[in-house]
Amino acid sequence: MPAPELTATTPLDDELVAERAHLDTSRAALRRMRERAESLFATGDKVAGDAYTAEQLGRHMARRVKELADDPTTPLFFGRLDFGGPADSPPGGETDPDHAGRNYHVGRRHVTDDLGEPLVLDWRAPVSRSFYRASARDPQGVAVRRRFGFSAGVLTSFEDEHLDRGEELGTASRILTAEIERPRVGPMRDIVATIQPEQDELVRADLADSICVQGAPGTGKTAVGLHRAAYLLYLHRERLRRSGVLIVGPNRAFLSYIAAVLPALGEVEVEQATVEDLVARVPVRAVDDPAAAALKHDIRMAEVLRRAVEAHIGTPTEPIMVSDGSYRWRIGLDPLHRLVTETRQEGLPYATGRDRVRARVVGLLQRQAEARRAESPSDAWLRRMSRIKPVTDLLDAVWPALTPDGLLHRLRTDTEALAAAADGLLDADEQELFRAGKVGRTAKATRWTAADAVLLDEVAGLLERPAGFGHVVVDEAQDLSPMQCRAIARRSEHGSITLLGDLAQGTAPWAATDWRESLAHLGKPDAAVVPLSVGFRVPAAVVAFANRLLPALAVDVPPARSLRHDGALDVRTVEDLTAATVAEVRAALAHDGSVGVIAADDTVDRLRAALDAAGVETATADDVEAAARVTVVPATLVKGLEYDHVVVVEPAAIVAAEPRGLHRLYVVLTRAVSGLAVLHRAPLPAPLAG
């Protein structure tokens, strides 16, 4: 049924009053929960038995206080489930009989009264699943599903679906539609009130499962990934608290945009990073030629670097003799050969293998000492033997210490070393291209590029195994190179991945064209690839216009479809782009919501200056907390962002700015969630002009 029109005499008025009272009760209970957590945080050192326990308790309670933060403008609950009696449950239904005849309010976090009884159920709780999955065809024991309408945190209306009578609104729900289409200013919001069944299936996938979501614009793939992280943290709290959850985004502007989603759901301990952050072992102070950058991101470089590392492992050439006071210990050539060969065959990281060779050599010395002295040597003796010159000389000869920058510097400066490592992989021209550019006399003096940083991380992974995360969410993954994929794979070797992206939005020179190849580089070749093609955010008129580009993008993806028919599209030729942009922004500001002005990178400063001169306050893409409703964004930074009203300035210039300019334009055109205005003086790119 539609949201009720309330009067002083309608019985629905009493129902609304009761729901508002429940909201007040729940907020008061959440406040008491937070106060108890704050009290425990303040007195934890007095109840803990020792300093370590006090520190751990303090960290736990500090985290708990953050998790219980309440934003009065954000609804504490957004829905209610009324379960029918036992007689109403379908045969073989999934609903627990314990829920029969009960009702639950579903919200962003779990809230209980002073006796521990639930006032609000966390949206991730098992029973809450029915809020997203129950239907008229499969009620799952739910008699009535209620959605609530809010305005600035005030409960204003509700809407019921009597699933037991076959009533289901779906996308005809006025409250659901209003929430999806609600104007937005500032950071990305959560979508817990509007998760659709196909999204919920991905959100609640098992921790062990890696999945790849091929999501067309506006299908909510980013939200799916973030909400899956929140769901897994709820279900596997302690395990993931130890191993960690990582969110990888394409740039800092994107990470700033999504940063508020998980804290709003009570999750405050998730690490966010770009790939550049992950591989930041050296300062990036130089820029590669595009061809050199493409070569360094090529998957063949992984084998080149592996060979270069392994080339340092040598063969013992003579026995070693170790003086130990009045004794002399000797290790013959055969045992030395054997222990080096065995260690090499174990496939350990290079630095671990070096330590293993050292330990095995010291072990052979220890056996001789024990046989002669009839007692075990002390720990101090073992440490001294591990550092004694004959042992360190052997190590330096057969398994020398390496550093990532030292090895890469050698490949850039030693023609023979590179030729040996690249034999059959890189031709002579490619080897010369790899060595091109200014190289310092030493590794420390070399100015490294962003692509070098990825290679240095690869070498570091060959030397030592990095710490991994329990789950990694990778967004805008279509722009990851094979070598960047490997950097993420090293950090998720024993965990799972949620890969999010759209092949049609690939703008990097090495952009993916097949998710199976990316998944193989990520070490998850068997992950399921799930398409999301139905959008809820981008209006149908905008999607249809952007879809004109798809045949020219040479990717095999289903065209996006939108369920929204309320948006506006305005494509027009203008004489003065700057003046037209200022006028269009002024017109957009007459409506609610955010305004994004997107243009080729080299025109952004001019447009922002013109808007400032016209008295229009603007912000940059990095400043998502700014009060300004208007953001002027370079086309290269807009990926993953969205605005209610978008003004695209001169599409031809955006396309001409880079080799994959049409892909970039596809990204730009799909950032609008209410209205899109395309202003151009030059002719539109051919695929759009049809």
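Note that CZ of R516 is 7.5 Å distant from CG of D526, once rounded to the nearest 0.5 Å. Separation of atoms OG1 (T631) and CG (L637) is listed at 12.0 Å; rounding is to 0.5 Å. One finds the CG atom of L246 at 8.5 Å from the CZ atom of R491 (value rounded to the nearest 0.5 Å). Rounding to the nearest 0.5 Å gives a distance of 12.0 Å between OG1 of T219 and CD of Q196. Taken to the nearest 0.5 Å, the CG atom of L235 stands 4.5 Å off from the OH atom of Y231. Note: L305 CG to K296 NZ = 11.0 Å, rounded to the nearest 0.5 Å.
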Carefully, step by step, assess L522 and W515 under the rule side-chain contact (heavy atoms from CB on, under 4.5 Å).
CA-CA 10 Å; L522 286 162; W515 285 123; over 6 Å; no
Yes or no on side-chain hydrogen bond (donor to acceptor under 3.5 Å, both in side chains) for T618 and R608, after CA distance, side-chain angles and deciding distance?
CA-CA 7 Å; T618 62; R608 193 173 186 197; 2.8 Å; yes
Using salt bridge (Lys or Arg N to Asp or Glu O under 4.0 Å), reason through D452 and R412 one step at a time and then give a plain yes or no.
CA-CA 11 Å; D452 289 332; R412 294 282 302 280; 3.7 Å; yes
Just do the side-chain contact (heavy atoms from CB on, under 4.5 Å) check on V248 and L278 with the steps written out, would you?
CA-CA 9 Å; V248 180; L278 295 180; 4.2 Å; yes
Would D457 and R490 count as a salt bridge (Lys or Arg N to Asp or Glu O under 4.0 Å) if you check the C-alpha gap in whole Å, the side-chain angles of each, and the deciding distance to 0.1 Å?
CA-CA 10 Å; D457 191 75; R490 286 188 287 277; 2.7 Å; yes
Under the side-chain contact (heavy atoms from CB on, under 4.5 Å) criterion, do L676 and D570 qualify, and how do the steps go?
CA-CA 6 Å; L676 171 65; D570 181 13; over 6 Å; no
Tell me, with the steps shown, if E458 and R306 meet salt bridge (Lys or Arg N to Asp or Glu O under 4.0 Å).
CA-CA 9 Å; E458 178 77 22; R306 187 196 67 78; over 6 Å; no
Would you please test Q272 and I258 for side-chain contact (heavy atoms from CB on, under 4.5 Å) and show each step?
CA-CA 10 Å; Q272 294 188 345; I258 67 170; 4.0 Å; yes
Could you go through E238 and R241, starting from their C-alpha distance and side-chain angles, then the distance that decides it, and tell me whether this counts as salt bridge (Lys or Arg N to Asp or Glu O under 4.0 Å)?
CA-CA 5 Å; E238 292 307 316; R241 186 163 284 163; 3.6 Å; yes
Side chains of residues 498-510: which donor-acceptor partners sit under 3.5 Å, not counting sequence neighbours?
residue, atom, partner, partner atom, Å
T498, OG1, R228, NH1, 2.7
T498, OG1, H471, NE2, 2.8
D502, OD1, Q214, NE2, 2.8
D502, OD1, A504, N, 3.1
D502, OD2, Q505, NE2, 3.0
Q505, OE1, R671, NH2, 3.4
T507, OG1, D479, OD2, 3.2
T507, OG1, K639, NZ, 2.7
T507, OG1, R664, NH1, 3.4
T507, OG1, R664, NH2, 3.3
W510, NE1, D479, O, 3.2

Got a list of side-chain donor-acceptor pairs under 3.5 Å for residues 202-209, not counting sequence neighbours?
residue, atom, partner, partner atom, Å
R204, NE, D200, OD1, 2.8
R204, NE, D200, OD2, 3.1
R204, NH2, W123, O, 2.8

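Counting all heavy atoms, side chain and backbone alike, A599 lies closest to T603 at CB-OG1, 3.3 Å. Between P349 and L463, the shortest heavy-atom distance links the atoms CB-O, 3.3 Å. Taking each heavy atom of L425 and E303 in turn, the nearest pair found is CD1-CG, 3.5 Å. Smallest separation of non-hydrogen atoms from P539 and S674: CG-O, 3.6 Å. Across all their heavy atoms, L662 and P685 have their closest contact at CD2-CB, 4.2 Å. Between I497 and V474, the shortest heavy-atom distance links the atoms CG2-CG2, 4.5 Å.
No donor-acceptor pair under 3.5 Å is formed between the side chain of E658 and the backbone N or O of A656. Side chain of Q484 to main chain of S481: a donor-acceptor pair is present (N/O by atom type, distance under 3.5 Å, no hydrogens or angles). Checked by atom type and distance alone, the side chain of E650 pairs as donor or acceptor with a backbone atom of R681 at under 3.5 Å. With R548 contributing its side chain and L688 its backbone, the two residues share a donor-acceptor pair below 3.5 Å. The closest donor-acceptor contact from the side chain of S128 to the backbone of D122 lies under 3.5 Å. Side chain of K524 to main chain of S518: no donor-acceptor pair is present (N/O by atom type, distance under 3.5 Å, no hydrogens or angles). Under a 3.5 Å cut-off, the side chain of R486 and the backbone N or O of P482 do not form any donor-acceptor pair. A distance-only check finds a donor-acceptor pair linking the side chain of R124 to the backbone of A230 [under 3.5 Å]. Under a 3.5 Å cut-off, the side chain of H645 and the backbone N or O of H591 do not form any donor-acceptor pair. D612 contributes no side-chain N or O that, together with a main-chain N or O of A609, makes up a donor-acceptor pair within less than 3.5 Å.
Side-chain atoms of P651 and V678, non-hydrogen and from C-beta on, do get closer than 4.5 Å to each other. Looking at V472 and I488, their side chains come closer than 4.5 Å, going by heavy atoms from C-beta outward. By the 4.5 Å heavy-atom criterion applied to side chains, I598 and V647 are not counted as neighbours. With a 4.5 Å cut-off on side-chain heavy atoms, R281 and W448 do not count as touching. A heavy-atom distance below 4.5 Å is found between the side chains of N251 and F254. Side-chain contact between V595 and L589 is present, with at least one heavy-atom pair separated by less than 4.5 Å. With contacts defined as side-chain heavy-atom distances shorter than 4.5 Å, the pair F434/L411 qualifies. Counting heavy atoms from C-beta on, the side chains of I654 and V648 come closer than 4.5 Å.
With hydrogens and angles left out, the side-chain atoms of H236 and R239 include no donor and acceptor closer than 3.5 Å. Side-chain N/O atoms of Q478 and E476 include a donor and acceptor closer than 3.5 Å. Checking R629 against S594 by side-chain atom types alone, no donor-acceptor pair falls below 3.5 Å. When only modelled atom types and interatomic distance are considered, T578 and R606 share a side-chain donor-acceptor pair under 3.5 Å.
Under 4.0 Å is where a charged nitrogen must lie from a carboxylate oxygen, and between R237 and E267 at least one such pair does. Salt bridge annotation for R572-E584: present, with a cationic side-chain nitrogen under 4.0 angstrom from a carboxylate oxygen.
Residue E201 qualifies as open at atom CD: its count of foreign heavy atoms under 6.0 Å is 12 or below.
Partner V585 forms a side-chain contact (heavy atoms from CB on, under 4.5 Å) with one of V630, L607, V632 and no other, that one being V630.
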